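When a ligand or atom number is given, it counts from 1 through the structure's own listing order. Numbers here are sequence positions counted from 1. Since the structure is predicted, the reported quantities are computational estimates derived from the model, not experimental observations. We use all heavy atoms of the structure for the numbers below, so side chains are in, but hydrogens, waters and symmetry mates are not.
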Amino acid sequence: MRIFVTGGAGYIGSHVVKALGEKGHDVVVFDNLSSGNEWALLSGRLIKGDLCDKALLGSAIREFRPEAVVHFAALIQVEESVREPLRYFRNNTANTLNLLEVMKENSVGRFIFSSTAAVYGIPEKVPVDEEAALNPINPYGASKVAVEMMLRALAPDPAFKYVSLRYFNVAGADGSARIGQAYKESTHLITRALKTAKGEFDRLSVFGTDYQTPDGTCIRDYIHVDDLADAHLFALNYLSEGGKSDVFNCGYGHGYSVREIVETVKKVTGIDFKVVETDRRAGDPPVLIADSLKIRRKLGWSPRYDNVEYIVRTAWEWERKRRRK
Ligand code: UFG
């Protein structure tokens, strides 16, 4: 299949491009390289461009004539989105509107969207399923909900089918350490803990130890990036076979606390680094776990790497050899 991948040079996008290449798909990546890297493309061709440049986007789509679009390009930092909300709506919402318009103008009818567990905000019930209310508590989540609303409005269009994948906590790296999380400002727990083990930071902060959880720290559903990449391939197959537009959680259905992750990082690296307990970070839900039955049943997806030590080990191997931007 000819597949157009926006943001394909980024962390998750590059793992999906790798998986698409392994299956023999013809891939064009459209990426402004603001946080992605050309070296992260293990297959496909790069067009360096920004989704706000509708003319360039239009000519890229007209020339390549994709059968599907997989859309990653977005800003993803929750705290930054609170400081600069309009930038998030411009990049994540308005640019997706450009993309959808260009797709419609060129009769491209299949769309896979990178959504997020942040659309749920603080869910009333966990594991959270896809029917739960969309109640984002930050502009990042809201910018993704706005796209999901546009997609819902397009659902009756017989010429347009989409799958929205709501990612939980994505972590880990390619098993051969060729690609991985390379964004230098990354504040994610596993990346920060590994960088602390490596000596880039002198301590790791645990944000909040008074949550209503067994050890007082937040619990998250960590999914290996290659399992998440597989979910995109299943979603593409589903749409190719005539599947209806739908939304799926991407997680394993169980979680680990911050303390458990810290212990795993210490065990895998063999390094005992300094950990300090600090106040809660604003906007952190205490427990965020996916109900992942729908994607398993309806798309036939199942995880290959549901093993937290594997997740941390692949991230560590990548972190040790990783290239700088
Ligand atoms: N944490 C720490 N110390 C750190 C970093 C994180 O204690 O140095 C804690 C956080 O407070 C949180 C947990 O580790 O409890 C996980 O934090 P991450 O920053 O790794 O991930 P989040 O759960 O905050 O964010 C992820 C995605 C977002 C998405 C969100 C959905 O990265 O894109 O899930 O809630 F929006």
Check each heavy atom of [X] against ligand 1 and say whether those closer than 4.0 Å belong to the side chain, the backbone, both or neither.
X      : result
Thr187 : backbone
Tyr167 : neither
Ile190 : neither

*State whether the shortest distance between N or O atoms of Val78 and N or O atoms of ligand 1 falls below 3.5 angstrom.*
no
*asked:* Judged on heavy-atom distance to atom 2 (C) of ligand 1, which of Phe207, Phe201, Tyr211 sits nearest?
replied: Phe207
*Out of Arg281, His188, Arg220, Arg259, indicate the one that has the non-hydrogen atom closest to atom 17 (O) of ligand 1.*
Arg281
Measure the distance from [atom] to every protein heavy atom, then report the residue, atom name and distance (to 0.1 Å) of the closest one.
atom                    : value
atom 35 (O) of ligand 1 : Leu288 CD2, 3.2 Å
atom 15 (O) of ligand 1 : Cys218 CB, 3.0 Å
atom 33 (O) of ligand 1 : Tyr140 CE2, 3.6 Å

_Lys/Arg N to Asp/Glu carboxylate O, Asp129 vs Lys294, below 4.0 Å_ = no
*Pair Lys125 + Asp291, salt bridge at N-O below 4.0 Å*: no
Distance under 4.0 Å to a non-hydrogen atom of [X]: what atoms of ligand 1 satisfy this?
X      : answer
Thr116 : 29 (C), 36 (F)
Ser205 : 2 (C), 3 (N), 4 (C), 7 (O), 8 (O)
Asp284 : 10 (C), 11 (O), 12 (C), 15 (O), 24 (O)
Val206 : 7 (O)
Ala118 : 31 (C), 36 (F)

*Taking every non-hydrogen atom, the tightest pair across Val126 and Pro123*: CG1-CG, 4.0 Å
*Evaluate the 4.0 Å heavy atom contact test for atom 30 (C) of ligand 1: does a protein atom fall under the cut-off?*
no
*Assess the pair Phe4 and Phe30: is the distance between their ring centroids shorter than 6.0 Å?*
yes
*When rounded to the nearest 0.5 angstrom, what is the spacing between CZ in Phe234 and CD1 in Ile112?*
13.0 Å
*Can Tyr222 be said to touch ligand 1, with heavy atoms closer than 4.0 Å?*
yes
*Please name the residue in the list Thr264, Ile190, Val312 that meets the side-chain contact (heavy atoms from CB on, under 4.5 Å) test with Tyr222.*
Ile190
_I need the single residue from Asp221, Asp227, Asn307 that forms a side-chain hydrogen bond (donor to acceptor under 3.5 Å, both in side chains) with Tyr252. Which is it?_
Asp227
